[in-house]
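Worksheet for the structure shown next.
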2 protein chains.
Amino acid sequence: MAVEKTLPKGQRVSIKDIARAAGVSHSTVSRALRNSPLVNAETAAYIRRLAQEMGYTPNILAQSLVTQRTYTIGLVVTSIADPFVDAIVDGVEALATREGYSVFLSSSHADPGREIAVVEAFHRRRVDGVIVLASRVGSLYTERLQELGVPIVLINNQAGGEYVYSVSADNLGGAREAVCHLLELGHTRIAYVGCHFRPPSNRHRLEGYRQALNRAAIPYDPNLVIHPRGFSDLENGQQALPHLLEAGATAVFCYNDRMAIGLINAARDHGLRVPDDLSVIGFDDIEMSAFVTPRLTTIHQPRYEMGRRAMAMLLALLAGEQVQDVVLPTELIIRESTAPPRSEP
Amino acid sequence: MAVEKTLPKGQRVSIKDIARAAGVSHSTVSRALRNSPLVNAETAAYIRRLAQEMGYTPNILAQSLVTQRTYTIGLVVTSIADPFVDAIVDGVEALATREGYSVFLSSSHADPGREIAVVEAFHRRRVDGVIVLASRVGSLYTERLQELGVPIVLINNQAGGEYVYSVSADNLGGAREAVCHLLELGHTRIAYVGCHFRPPSNRHRLEGYRQALNRAAIPYDPNLVIHPRGFSDLENGQQALPHLLEAGATAVFCYNDRMAIGLINAARDHGLRVPDDLSVIGFDDIEMSAFVTPRLTTIHQPRYEMGRRAMAMLLALLAGEQVQDVVLPTELIIRESTAPPRSEP
DNA sequence: TCCTTGGTTGCACACGTGTGCAAAAAGAAC
DNA sequence: GTTCTTTTTGCACACGTGTGCAACCAAGGA
């Protein structure tokens, strides 16, 4: 009520209004605005000019109702406030916008209940497709997703069954490269600090860690692998330090850069010097990794590109094309947080 | 075409289907699902059970068409990949979701052309309201926004005319407090590194800087105020260093934390020690500011809360209530990057 | 038995747009 | 001028849902 009074009434101009003004039927207006060849060129031009003057803006809702296409996609993330996530969102949004799609963004906070609620909401809004950038995609969740009857693309999460596609970075290869780098520097006591609430990618990175050790003929020591139980990467990294020291690690491969940065801070507070006393390598190559002290050695993930490719895949699926899962290469970025181990005194 | 074949057909169950199955008219089904008292309690229960079994999901598009409410809002940001922005988006999204709204996220990349396009898209989708977290809201832009006829809330940008409301942090007070902190430490040559592409907030922070100096009876020296021309905060911070040294600054107040971090890195590369040789204070209190070296002294902005309040304001406006602009308090967070000036040798 | 009342239900229209089909208008060929 | 073809237009229905109004039904009272 009050809104009506307070706000200037929105230009509720419909094609019917234009039709009335032009003295034609709404069908003709519809055709003219869609550049149909079934309308006389002159009338069409007149109608388009009229629409312009009257400030007409098509109502996509009504269009969608009949065309069964909303030109809308749903994007589920765990948390928006995560430098890994936001670059991907950026990539998705850029391509989506360019192609005339709008994106619904929702975060699940890794809560299964909310994940379901989000999917439900997307269904009610009849999105054309869904991109999931979530941690754990439970079997139940995936089933529910498939029931939507719309294409789904998972990022960094190859849990997909049928009708579910994925884009991811080469987690396994990247992890292997990270650990190889430490091995080449001469380390043998190399630890892995994993992430318990991102099972799919964590599994691959752990596997890469094991493969690298294996190739170097270094036995796998469970004491050197920890999975902190918290939900904050920075804190998890910090809290990992005591265990690492106890296990006698001289180098650490962290699940991601934020953990690595947390760990480096804890080390500094503990009087340890990185990389002299402890080498640390991360994963992701977030922007800040080049601005912490020491600058972080890490594995670069093409995050923006991952988002772009996910959207591209969705577009292809919507166009009825066949698609294949994508795995993008990672790259080792050597900075200052890794060095040879101190020679034993 | 191929999509139809490849994907399981979405459950296109409408109230008409339910009506047919229940042997009633679609009106009755509609009323039953909306818990209208105009339906027999038993039939209503039966219909609801049936809807459940048939996997019915209401089509919000159709609902919106008749109710003229989409329960959708548009959120415009400059860039998603910005730690200042993402916490706000988080706050907006959390409250929106809780209240049954979905949010369209679009980034403008500070490009006026794209900003207009985004607004246009929002209009076509008939969003119920818009939140703008953009840099510069040109007069043209604001006009266009108002034509939408929907409530608008600006964040950190009181450029609003009529029908445009705002939520912001106390940029002026925060800046004053930052500079006072430096003054209290004994600095007199205090510089300000501003941001040219965020005019509204930059103006307030600069004003706070001047007020603080004024109160301390220190004359304003234009040489101590720089506005780097780039569009990357980190780089702008780095590039500011030479000018600052030339101007003889012993302390620097930066427009935001990212600039401060860039500046600190440049200082380190230049062989300067922060805070011993140069004190640096930022603005925002992004998460990373507590994890760089030295830990950054800064002005905390309640970003999540700003997003929440903006959404709350939009909800109030949509409910027809009167609202007033909101200015949230900031807080000085003293860490390690500020210290008294070195006594002159 | 008839009328009134209150509770249920369906008809019909609306929201804004797209489109198959038939009708009308215009032009072409004879 | 007549007939056939082509172009242009409008009618009517569809998409999925909400709702005013009239009609129906059952129960209660006179």
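In what follows, chains are A, B, ... by sequence order, proteins preceding strands, each numbered from 1. What you see is a predicted model; the values in this text were computed from it and never measured.
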**Q.** Under 4.0 Å protein heavy-atom contact, by nucleotide of nucleotides 7-17 of chain C - B base, S sugar-phosphate only
**A.** -SBBBB--BBB
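A side-chain donor from one of A:E93 and A:T97 sits under 3.5 Å from a side-chain acceptor of the other. Under the 3.5 Å distance criterion, with hydrogens and angles disregarded, a donor-acceptor pair is assigned to the side chains of B:N35 and B:R48.
When the salt bridge (Lys or Arg N to Asp or Glu O under 4.0 Å) test is applied to A:E120, the partners found at least two apart in sequence or on another chain are A:R144. A search for side-chain hydrogen bond (donor to acceptor under 3.5 Å, both in side chains) contacts involving B:T72 returns A:R125, not counting sequence neighbours. Judged as a side-chain hydrogen bond (donor to acceptor under 3.5 Å, both in side chains), and not counting sequence neighbours, B:D86 has no contacts.
Within the structure, ring-ring contact (aromatic ring centres under 6.0 Å, His included) pairs that include any residue of residues 86-118 of chain A comprise A:Y71-A:Y101, A:F104-B:F104 (at least two apart or interchain).
Salt-bridge formation is not detected for the pair A:R303/A:D82: no Lys NZ or Arg NE/NH1/NH2 atom is positioned less than 4.0 Å from an Asp or Glu carboxylate oxygen.
A distance of 12.5 Å separates CG in A:D90 from CZ in A:R308, rounded to the nearest 0.5 Å.
An end-to-end axis angle of 70° holds for the helix from C:dT1-D:dA30 to C:dC30-D:dG1, taken from five base pairs per end and rounded to 10°.
The distance from atom CZ of B:R69 to atom P of D:dT19 is 13 Å, rounded to the nearest whole Å.
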